[in-house]
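Notes follow the structure.
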Amino acid sequence: MSPYARRGVHGQTVETLARRVLSGEFPEGATLDLVALQSELDVSLTALRESLKVLAAKGMVDARQKRGTFVRARSDWNLLDADVLRWRFAEGAASEPDSVLLHNLDEVRGIVEPAAARLAAERRTGADLAALEAALEAMGEEGGTPHHAVESDLAFHRALLTATHNELLERMEMVIESGLAHRDRLVHSTGHADDPVPSHRAVLDAVRAADAAGAERAMRALLVQALRDVDRVRDSVEGPAGDGK
């Protein structure tokens, strides 16, 4: 269940409105009919306005006198917001194919995570190493569910960013986790992933050895494997080279 859906009527209303905006059902520049929405969603006007405030904080809508509440231009949206990313990945909510969004996030990971691994090797503490080891052990447990595999992978990459001891890099977890979670669910649910432990172990070993260059190389190799896993899933669904078979 999504974080907002757990918040009752308010959260469900936020989710519904956000996905309609992201899907283009409410296009950029469109003025929202609050009275009609209130009736359709069967919520109070106060609850509807509070939900719209959430989207306004994320740059998706705004309200002006004489114009009312309207959808802002995509260029104004906070596309790096964790909720916005999650909504974009939700079924039927993306305004562009998942493949495009995943490609964009792969590029971000390719820029951020190798550099983060280098810094982690230089700055890691005993506590950081313990967190990385715990995540790796969880990743290697036999008989785990796809959900467990996703959570342990996220824990490892979160711990790696924490080990940089750079507050801004730590905040990148919001971006990386959204794409990583979607990728992991896709791969682990189909059983087409290579064993993730060796590639993650190589990163941890280099970080533990304070080998900055080695940690960066190991992370780049890990990301190559991640791309290979996704390609294998696509081939199994579409056939080689996307032939649709």
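These numbers come from the heavy atoms of this one structure, side chains and all, not from hydrogens, waters or symmetry mates. Small disclaimer: the values here were computed from a predicted structure and weren't measured.
If you take OG on Ser152 and CD on Glu141, they are separated by 8.0 Å, rounding to the nearest 0.5 Å. Between the CG atom of Leu161 and the CD atom of Glu170 there is a distance of 7.5 Å, given to the nearest 0.5 Å. Once rounded to the nearest 0.5 Å, the distance linking CD of Gln38 with CG of Leu32 reads 13.5 Å. Separation of atoms CH2 (Trp87) and CG (Leu55) is listed at 5.5 Å; rounding is to 0.5 Å. The distance from the CE atom of Met172 to the CG atom of Asn166 is 11.0 Å, given to the nearest 0.5 Å. With values rounded to the nearest 0.5 angstrom, Asp211 atom CG is found 10.0 Å from Glu122 atom CD.
One N or O on the side chain of Trp77 and one on the backbone of Arg72 form a donor-acceptor pair closer than 3.5 Å. Without hydrogens or angle criteria, Ser199 side chain to Pro196 main chain gives a donor-acceptor distance under 3.5 Å. When atom types are taken as modelled, the side chain of Glu28 and the backbone of Arg74 share a donor-acceptor pair closer than 3.5 angstrom. Formation of a donor-acceptor pair under 3.5 Å by the His200 side chain with backbone atoms of Ala135 is not found in this model.
Salt-bridge annotation for Asp128 and Arg124: absent, with no side-chain N of the basic residue lying under 4.0 Å from a carboxylate O of the acidic one. Between Asp62 and Arg64 there is a salt bridge, with a side-chain nitrogen of the basic residue lying less than 4.0 Å from a carboxylate oxygen of the acidic one.
Taking 4.5 Å as the limit, some side-chain heavy atom of Leu52 sits within range of a side-chain heavy atom of Leu34. Contact of the Glu133 side chain with the Arg201 side chain is registered, since non-hydrogen atoms from C-beta on lie closer than 4.5 Å. Side-chain atoms of Leu45 and Val35, non-hydrogen and from C-beta on, never get closer than 4.5 Å to each other.
In the hydrophobic cluster analysis, where Ile, Leu, Val, Met, Phe, Trp and Tyr join through side-chain heavy atoms closer than 4.5 angstrom, Leu154 is grouped apart from Leu227. Clustering ILVMFWY residues whenever any of their side-chain heavy atoms sit less than 4.5 angstrom apart, transitively, puts Leu41 in the very cluster that holds Val71. Hydrophobic cluster membership is shared by Val61 and Leu79, with clusters built from Ile, Leu, Val, Met, Phe, Trp and Tyr side chains linked at under 4.5 angstrom.
Atom CZ of Arg20 has more than 12 neighbouring heavy atoms from other residues, nucleotides or ligands inside a 6.0 Å radius.
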Chi angles and distances behind the side chain to side chain contact (heavy atoms under 4.5 Å, CB included) call for His10, Val54: CA-CA 10 Å; His10 168 70; Val54 174; 3.9 Å; yes
Candidate pair Phe26 and Thr31, rule side chain to side chain contact (heavy atoms under 4.5 Å, CB included), full reasoning: CA-CA 8 Å; Phe26 295 156; Thr31 298; over 6 Å; no
Side chain to side chain contact (heavy atoms under 4.5 Å, CB included) between Thr13 and Leu48, worked out: CA-CA 7 Å; Thr13 304; Leu48 179 60; 4.3 Å; yes
Stepwise side chain to side chain contact (heavy atoms under 4.5 Å, CB included) check, Val84 with Met60: CA-CA 9 Å; Val84 176; Met60 296 171 67; 4.1 Å; yes
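Annotation for Ala82 and Met174: closest pair CB-CB, 4.1 Å, computed over non-hydrogen atoms.
Sorted by first and then second residue, the pairs that involve residues 155-168 and meet salt bridge (Lys or Arg N to Asp or Glu O under 4.0 Å), not counting sequence neighbours, are Arg158-Glu173, Arg158-Glu177.
Here Val203 sits in one hydrophobic cluster together with Leu129, Leu132, Leu136, Met139, Phe156, Leu160, Val197, Leu204, Val207, Met219, Leu222, Leu223; the rule is ILVMFWY side chains under 4.5 Å apart, joined directly or through other members.
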Give the table of side-chain donor-acceptor pairs shorter than 3.5 Å for residues 112-121, with sequence neighbours excluded, one pair per line with atom names and distance.
unit_1	atom_1	unit_2	atom_2	d
Glu113	OE1	Arg109	NE	2.5
Glu113	OE1	Arg109	NH2	2.9
Glu113	OE2	His157	ND1	2.7
Arg118	NE	Glu216	OE1	2.6
Arg118	NH2	Glu216	OE1	3.0

